[in-house]
Amino acid sequence: MRLTGFRLERAGAIVHFGDVVPHQTTGGLISTELRINDRIRVPEVRLVGPNGETVGIVPTDQALKLAQEADLDLVEIAPQGRPPVCKLMDYGKFKYENAQKAREARRNQTNVIIKEMKLRPKIDAHDYETKKGHVVRFLRAGDKVKITIMFRGREQHRPELGFRLLQKLAEDVQELGFVESSPKQDGRNMIMVLGPNKKKADAKVEMQAEKETKAAERAAAEAEERAAFAPEAGRKVAQKKERGRSENLDPEIEA
């Protein structure tokens, strides 16, 4: 639709407009689904067989007939081709396998999480061991750890205390992590970042295997305990004397 040569009269003023093309909006979302079978409207396609073999350029009607004879679908896999490339395949199975691969990729994708642990430069030994235990747990889970040394008052004039503490911590956990970002001063704080030696996915698999091993060991220990308790219970039952009716009566009274 085009509007041509009209004028607008408003408040005594006349404004002339030339050709005006109204703004047209497109509706709906662009589909990402592949075109299959009767939805393929081009006159000819470059056909690929079900096993990946090249058939060549054939009329679309003939390609559809071949798909029906093989009980397969004609799927347009490269619409930008001239002519478009189509393949004979089981489209339902193809979609299912792609969905499974996407689900597996989402499950195995690495989500980098940075944990933070704060220490004081004059931390005592017990608190240090507790904090180190948390850092070890984070690294084993495949997470990065940001170590922050907080200086207060006169401690700000002794940055070497924080530096030595960070070095000691890095050495204590070197089997599980490495120094990704060296210690550096940031205002009143000193910061160091430790990265895990194992990827998140590998760490998750290892931790799951450890849980299963511990569960199996617990089950085996409980089974051994039950097996050891069973003979003792049997002996106690065997040793218990069964009392007859006459034993419950007065011996002077005849049965």
ask   = Would you find a donor on one side and an acceptor on the other, under 3.5 Å apart, between the side chain of R82 and the backbone of Q80?
value = yes

remark   = Residues at least two apart in sequence or cross-chain that pass side chain to side chain contact (heavy atoms under 4.5 Å, CB included) with Q100, listed by chain then number, are Y96, R103

key: Closest heavy-atom pair and its distance - N197, Q174   = ND2-O, 3.4 Å

message = Go through it in stages, so that I can follow the logic: the residues are L64 and D38, the test is side chain to side chain contact (heavy atoms under 4.5 Å, CB included), and I'd like the CA-CA distance, side-chain angles, deciding distance and then a yes or no.
response = CA-CA 8 Å; L64 286 171; D38 295 335; 4.0 Å; yes

query = Does any non-hydrogen side-chain atom of S182 lie less than 4.5 Å from one of M192?
reply = no

key: Common cluster, L66/V42, ILVMFWY with side-chain heavy-atom separation under 4.5 Å   = yes

task = Please check if the side chain of E53 supplies one atom and the backbone of N51 the other of a donor-acceptor pair under 3.5 Å.
result = yes

Pairwise distance CG(D73) to CD1(I40) - rounded to 0.5 angstrom = 9.5 Å

task = Specify the closest pair of heavy atoms between K115 and D143, including all atoms of both residues, with the distance to one decimal.
result = CE-OD2, 3.6 Å

request  = State, yes or no, whether a side-chain contact exists between K132 and L169 at a heavy-atom distance under 4.5 Å.
outcome  = yes

message = Test of understanding: with side chain to side chain contact (heavy atoms under 4.5 Å, CB included), list the residues that count as partners of Q156, not counting sequence neighbours.
response = F151, R188

query = Do L139 and K198 come within less than 4.5 Å of each other through their side chains, counting heavy atoms only?
reply = no

R152, CZ atom: more than 12 neighbouring heavy atoms under 6.0 Å = yes

query = Is a side-chain donor or acceptor of D124 paired with a backbone partner of D127 at a separation under 3.5 angstrom?
reply = yes

Non-hydrogen side-chain atoms of L194 and V173 separated by less than 4.5 Å = yes

query = Is there a side-chain contact between I36 and L74, using heavy atoms and a 4.5 Å cut-off?
reply = no

request  = Assess whether side chain to side chain contact (heavy atoms under 4.5 Å, CB included) is satisfied between L34 and E76, documenting all intermediate values.
outcome  = CA-CA 6 Å; L34 298 176; E76 187 180 57; 5.7 Å; no

query = Within a reach of under 6.0 Å around CG of D71, are more than 12 heavy atoms found that belong to other residues, nucleotides or ligands?
reply = no

Heavy-atom side-chain contact between V55 and V48 under 4.5 Å = no

Stepwise side chain to side chain contact (heavy atoms under 4.5 Å, CB included) test for C86 and V75 = CA-CA 5 Å; C86 295; V75 182; over 6 Å; no

note = Between K87 and G49 the two heavy atoms that sit nearest each other are CE-O, 3.6 Å

inquiry  = Does this structure show an ion pair linking R158 with E160, if we count only N-O contacts that are shorter than 4.0 Å?
reply    = yes

message = For the CZ atom on R140, are there more than 12 heavy atoms of other groups (residues, nucleotides or ligands in this structure) within a distance under 6.0 Å?
response = no

query = Honestly curious: do F94 and L47 fall in one hydrophobic cluster under the side-chain, below-4.5 Å linking rule?
reply = no

query = Under the 3.5 angstrom rule, does the side chain of K131 hit a backbone N or O of K118 as a donor-acceptor pair?
reply = yes

ask   = Is there a side chain to side chain contact (heavy atoms under 4.5 Å, CB included) between T148 and M190 once you walk through the steps?
value = CA-CA 6 Å; T148 303; M190 183 174 288; over 6 Å; no

request  = For the residue pair K122 and E155, establish whether any side-chain heavy-atom pair is separated by less than 4.5 Å.
outcome  = yes

message = Checking side-chain polar atoms at under 3.5 Å, does H157 have a donor or acceptor matched by the opposite partner on R154?
response = no

Sub-4.5 Å side-chain heavy-atom contact between I191 and I147 = no

key: Within 6.0 angstrom of E175 CD, more than 12 heavy atoms from elsewhere   = no

ask   = Shortest non-hydrogen contact from Q185 to P159?
value = OE1-CB, 4.0 Å

key: Which residues share a side chain to side chain contact (heavy atoms under 4.5 Å, CB included) with P83, sequence neighbours left out   = E44, R46, I57

key: Salt bridge flag under 4.0 Å for residues K168 and D172   = yes

